[in-house]
Amino acid sequence: MSDRVSIASFRGFLLGDVQADRAVPPTGFTASLTVFAAAAMSFLAVFALALSLTTDRIAERWSSELARTSTIRISAPEGQVDAQTEAALKVLRTTPGVSLARVLNADEQRELLSPWFGPDLPIEHLPLPQLIEIEEGGDGGMDAEGLRQRLAAEVPGAVLDDHARWREPLVQAADRLRMLGVVSLALIGLTTAVMITLAANAALSANGKVIQVMRLVGARDIYIARAFVRRFTLRALTGAAIGTALAVLAVMFVPQDATQDGFLTGLGFENGEWFLPLIIPVLVAIVAFWATRTAALRTLKEIS
């Protein structure tokens, strides 16, 4: 029985009441403002959501890659570099959790330094430390502190960098950007509520005489308010659907390059994340429903 009542109420909300709808202008400034505001805010919400998810995804990928790799720097007199490098490799071969250890050649070190010093850096004439790249394997990973102690005892010129100082700022930045995305979505929702409230108030004030006539023939405020809520909620839902669809299409056309982990080449959704924008029109409709209902009941009390 309750299900039938709910279905009937929902159907009545969609179809409306011809008599009550006379209090709500079908077109005009307020109608256009509601649709436009909902569409614009939904468009921005999709991009805020995409930016938040992309930031989290890229940061997690970078953090995971950094967590599985380490670097050993060997700084020693020129005649001892090769011997200490071999000693370090020997230590790494017997270290649990190390799946690969290789010495970077001059070309690879030049490539690492080229973003700061250019591609023509004469690296062979510079006293640079020898680098050894380490890749971790296994479930337990590598005991970084134990490896540092072994290197300090057997290879005095070796320094282990487990990239912890790079991971921590990255995780912090990702958390702050994620929080910024949540705050942006909240501000977008609040702005939507404010603009719809203003539009509803303007429509109510403009139709004050019609409302007074309806009251004279016995219409109650809740009956009139229900008509405003219905119209503005459906307008907001329509605008939000349009804005969301346009934003999703725009995100789909953002260049996607699997070889680049950047925002400009990776902004978007992956797998099941594409269904998340569908929630935005529903949320906008809920915001419009409560904003219009609150504004209508308050304004109707003020209209004498």
Side-chain angles (χ1 to χ4, degrees), residues 6 9-50 181-215 219-251 275-303:
S6 300
S9 300
F10 181 72
R11 184 181 301 171
F13 182 82
L14 293 178
L15 298 178
D17 188 304
V18 176
Q19 300 298 327
D21 286 347
R22 292 178 180 177
V24 189
T27 59
F29 172 75
T30 57
S32 301
L33 176 61
T34 303
V35 174
F36 176 78
M41 293 299 102
S42 298
F43 189 92
L44 295 176
V46 171
F47 274 94
L49 180 63
V182 173
V183 172
S184 299
L185 290 173
L187 289 175
I188 289 172
L190 181 61
T191 304
T192 303
V194 170
M195 297 186 72
I196 292 175
T197 299
L198 292 175
N201 286 334
L204 285 161
S205 299
N207 291 269
K209 293 183 178 180
V210 176
I211 292 173
Q212 289 177 357
V213 172
M214 294 180 67
R215 283 173 170 172
R220 299 174 59 187
D221 285 352
I222 190 65
Y223 176 79
I224 300 172
R226 190 179 297 117
F228 277 88
V229 171
R230 172 186 169 274
R231 280 285 180 88
F232 278 85
T233 300
L234 293 180
R235 288 169 184 171
L237 179 62
T238 301
I242 295 173
T244 300
L246 292 176
V248 170
L249 287 175
V251 170
F275 292 98
L276 293 178
L278 299 178
I279 303 175
I280 292 176
V282 178
L283 295 178
V284 170
I286 294 174
V287 169
F289 177 89
W290 287 108
T292 307
R293 188 177 188 277
T294 303
L297 293 176
R298 183 178 63 248
T299 305
L300 286 171
K301 290 181 180 179
E302 299 173 355
I303 297 176

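The first residue of the sequence shown is numbered 1, and numbering continues consecutively from there.
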In terms of heavy-atom contacts, A38 and A236 come closest through CB-O, 3.3 Å

Closest heavy-atom pair, A240 versus P281, reported as atoms and distance to 0.1 Å, is CB-CA, 3.7 Å

Given the options N201, I196, T197, T292 meets side-chain contact (heavy atoms from CB on, under 4.5 Å) only with I196

Only residue of L237, T244, T192, T233 satisfying side-chain contact (heavy atoms from CB on, under 4.5 Å) with V284 is T192

Residues at least two apart in sequence or cross-chain that pass side-chain contact (heavy atoms from CB on, under 4.5 Å) with A199, listed by chain then number, are T30, L33, T34, F232

Rounded to the nearest 0.5 Å, how far does [atom2] of [Y] lie from [atom1] of [X]?
| X | Y | atom1 | atom2 | result |
| --- | --- | --- | --- | --- |
| R230 | R235 | CZ | CZ | 9.5 Å |
| L185 | L44 | CG | CG | 10.0 Å |
| L249 | F43 | CG | CZ | 9.5 Å |

With a 6.0 Å cut-off (strictly less than), is the heavy-atom count around CZ of F36, excluding the residue itself, greater than 12? no

